[in-house]
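A short worksheet on the structure shown next.
It should be emphasised that the depicted structure is a prediction, and the values quoted were computed from it without experimental measurement. One-based numbering along the sequence shown.
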Amino acid sequence: MRKILATAGVAVTAVAFVAVSATSGAAAPDTAAASRAASVGANAADIRSSASDGYAVDRVRKDANGATHTKYTRTYQGLRVYGGDFVVHTKAGGAYAGVSNGLLAPISVATTPKVTAAKALETAKANFAGTITSERGSELFVDASTGQGRLAWETTLHGWLADGQTPSKLHVITDAQTGALIGSFDEIETVTGTGNGIYTGNVSIDTTLSGSTYQLIDPVRGNGRTCDMNNGTSTCTTFTDADNAWGTGANSNRQSAGVDAHFGAAKTFDYFKNVHGRNGIFGNGAGVPSRVHYGNAYVNAFWDGAQMTYGDGSGNSRPLVSIDVAGHEMSHGVTEALAGLVYSGESGGLNEATSDIFGNMVEFYAAAPSDPGDYQVGEKININGNGTPLRYMYNPTLDGSSHGCWSTSTNSVDVHYSSGPGNHFFFNLAEGTGATSYGTSPVCGSAPAVTGIGRAKAEKIWYRALDVYFTSSTRYVLTSNPANTARAYTLRAATDLYGTCSVEYKTVQAAWTAVNVAGSDTACPTGNDFSLAASPASGSVNPGSSVTSTIGATLTNGSAQTVSLSASGLPSGATASFSPTSISSNGGSSTLTIATSASTPSGTYAVTVTGTGASSTRTTTYSLTVNGAPGCSGTNPTDVTIPDLTTVTSTITIAGCARNASSTSAVAVNIIHTYKGDLVVDLVAPDGSVYNLHNRSGGSADNINQTYTVNLSTEAANGTWTLRVRDAASADTGRIDTWSLTL
């Protein structure tokens, strides 16, 4: 869709960094973001941690069942690590569920450059095609986009490309030890009432009345405005109208292009909000500014990370304001916020494919009368001059350059062409292979034909993979790290949404195979099998009361069988019963009732529900929260074993304390252990903030029996508080005997 395009802004804004050592435990941060970063220390091997790493929480996603997905950025000896991001996954109830990670090994690089920043600037200037207006300096960082770390300079130059109209914010990456050019990307992402648009036809648009004049400002979607650049490159005037009837459908009326752009921005906003639950492109409800009639005969459009800009095309006769162009470009903002896919090779191809996918899904969603949905990219704007689209999702090779099947050379082509396997996969997943109403999709090699699952399911799978699993370096095929691939992550997404080895899961497998992307998937069962799920997957109860959930079984393979239900992991004084006690694996359901006693200790517990059938046994987890007695204190007397080199937790839930905790809150801890110098003990507040109580002090002395005074005055008292204990050395073990909290 663009001549030059890159993900906007290689740097991710850091949130409260905290250093985490793989050997000596976590420091004691004082923010929720930092506390979550500290928690990664328990999984040092999976995140490829080094003692010089630092981590910061980028964002947290929490599923309806209580599972969480926390994305982190990474530093190394204080330097930003590009490609060092990772996502820590936890199940409902808090159990660790693995990591999405692009690193192949812990970073170990010298951080003193042999090449100066001045030399890096010279290299950057030599690679700028156009006029430089300002030099924004060079940053020393660690480039880990290939899975291995290397010291590099990132030099940023602002200016204009050779056409004199396209702005450029070029980032040039140079090896800081050899001076070799690693690569570059441009931060500017380009594409080579009622209203009557050029492409959309007669549509309804939301505008704002100011006095007696209407303005093309959308009050429903964060006040996104559409303005007229008057074929210049600097000033943009918001469109106004006296009667709120905009445009004529003809290019000769300047409002017509504005209608298309305004409508496209609105429908893209609505698509992400209503289909995927994202509050607009930026995730914060803000609207997107749209600038039309940019430049003179400007055959381009671009996204600069904050707004959309559209040229009028060749001879100023074909504005580039079609819906799929708008959806494509603004989707780059979503991709950058969620996955930050590196804009080169296969990762860049996945970045481009994501914009093609969502651009087309926006087009289907918009259902504009003159621009119905299809699986072609840019078919309305006629950039090629012969009426053909830029790309064809059902058969990417039709454009003459894109890869329709993955090969070992896919990582080496332009990202607009390495997008092909991702586009082709998505079409196969949604519509199937062979002849369809949108075009004929061939399979690669001797792959079996695919029957699609429909757009609604396919787009959900792609978005979830992007949102909670993709890292910045995810690829199609990566033999050194097969878990960090689009196939692996879309299969995880399909499992989350539709169940293990469901029809949707198997179609994801088949659709990737049809584009020659193989994987090391766990084999689906060949006998009779099923999955279990709890709805809701979590609940809270006061001591002495009960809570219910529906346990349902779904047939995943073979024939139905009778499944007997049982529960484990209950707190003391609690019992579980099922009505009925046995169900069919083919859609059967039972009501789980968990009854507690007055003495059941407060806290959050992962209750495992087991379904035992003649051919297979499956489990699901229900997260049970037992509220504390009304008041501002609580005790958990339940013993928790502390094995060597392991992190364990114990919780207390406070309820009925409608205020903040105090500055002199007391945490009474009784831990039996034969070498307390092994232990790191933290109090984790309900919002995730961490307060360190004990950090491997005391040497060879036994046990911790101490009351700590902690300033918790910024924390709301109500919620679940966690005592987290990490044994950071071998040879000695123990247990949490009891602990109390007075807020």
Side-chain angles (χ1 to χ4, degrees), residues 191 193-210 212-232 235-272 280-281 287-295 298-303 307-313 315-331 359-360 362-374 378-383:
V191 302
T194 59
N196 196 343
I198 298 169
Y199 306 120
T200 58
N202 289 299
V203 293
S204 296
I205 54 177
D206 290 291
T207 62
T208 297
L209 179 62
S210 177
S212 60
T213 302
Y214 292 93
Q215 297 178 316
L216 216 50
I217 297 174
D218 191 336
V220 179
R221 300 167 185 86
N223 292 317
R225 75 166 185 143
T226 302
C227 59
D228 187 349
M229 294 291 291
N230 295 294
N231 297 108
T235 303
C236 199
T237 305
T238 301
F239 281 102
T240 59
D241 191 83
D243 60 6
N244 208 25
W246 304 81
T248 63
N251 185 43
S252 57
N253 183 298
R254 298 188 71 82
Q255 290 183 355
S256 298
V259 168
D260 282 331
H262 200 68
F263 182 78
K267 290 305 177 182
T268 303
F269 187 106
D270 288 350
Y271 170 77
F272 281 107
I281 302 305
V288 172
S290 299
R291 307 191 303 173
V292 302
H293 300 304
Y294 175 90
Y298 186 62
V299 190
N300 226 323
F302 57 86
W303 168 259
Q307 61 190 354
M308 274 302 302
T309 302
Y310 302 91
D312 280 343
N316 291 321
S317 63
R318 200 80 178 181
L320 280 74
V321 288
S322 65
I323 297 173
D324 58 351
V325 170
H328 173 108
E329 292 302 329
M330 285 181 272
S331 292
N360 274 277
V362 168
E363 189 175 70
F364 276 106
Y365 178 86
S370 298
D371 191 6
D374 53 48
E379 72 280 359
K380 290 286 187 181
I381 58 178
N382 196 26
I383 283 184

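Remark: the backbone N or O of Thr248 is paired with a side-chain donor or acceptor of Ser256 at under 3.5 angstrom. Looking at Asp324, its side chain does come within 3.5 Å of a backbone N or O of Gly378 through a donor-acceptor pair. Between the side chain of Asn251 and the backbone N or O of Asn316 there is at least one donor-acceptor pair closer than 3.5 Å. Checked by atom type and distance alone, the side chain of Asp243 pairs as donor or acceptor with a backbone atom of Ala245 at under 3.5 Å. Side-chain N or O atoms of His262 include one that pairs as donor or acceptor with a backbone N or O of Asp206 at under 3.5 Å.
Tyr214 places none of its side-chain heavy atoms less than 4.5 Å from the side chain of Thr208. Between Phe269 and Val288 the shortest side-chain heavy-atom distance does not fall below 4.5 Å. Considering only heavy atoms from C-beta on, Glu379 comes within 4.5 Å of Glu363 through its side chain. With contacts defined as side-chain heavy-atom distances shorter than 4.5 Å, the pair Pro319/Tyr310 does not qualify. Put simply, the side chain of Ile198 does not reach to within 4.5 Å of the side chain of Arg318, judged on heavy atoms. Side-chain atoms of Ser331 and Phe272, non-hydrogen and from C-beta on, do get closer than 4.5 Å to each other. You'll find the side chain of Leu216 reaches within 4.5 Å of the side chain of Ile205, heavy atoms only. Residues Arg254 and Asn230 are in side-chain contact: their nearest non-hydrogen atoms beyond the backbone lie under 4.5 Å apart.
Checked against the 6.0 Å centroid criterion, the rings of Tyr294 and Phe302 qualify as a close aromatic pair.
With hydrogens and angles left out, the side-chain atoms of Asp260 and Thr200 include a donor and acceptor closer than 3.5 Å. One side chain, Asp312 or His293, offers a donor N or O that lies under 3.5 Å from an acceptor on the other.
For the atom pair OG1 (Thr226) and CD (Gln307), the distance works out to 11.5 Å, reported to the nearest 0.5 Å. Here the CG atom belonging to Asn360 is positioned 6.0 Å from the CG atom belonging to Asp374, to the nearest 0.5 angstrom.
The existence of a salt bridge linking Arg225 and Asp218 is excluded, since no basic side-chain nitrogen approaches an acidic carboxylate oxygen closer than 4.0 Å.
In terms of heavy-atom proximity, Trp303 sits nearest to Met330 at CZ3-CG, 3.8 Å. Minimum heavy-atom separation, Leu320 to Tyr298: CD1-O, 4.3 Å. Closest approach of Lys380 and Ser370 over heavy atoms only: NZ-O, 3.0 Å. The shortest heavy-atom contact between Ile323 and Ala366 is CD1-CB, 4.0 Å.
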Steps toward side chain to side chain contact (heavy atoms under 4.5 Å, CB included) verdict (Gln215, Phe239): CA-CA 6 Å; Gln215 297 178 316; Phe239 281 102; over 6 Å; no
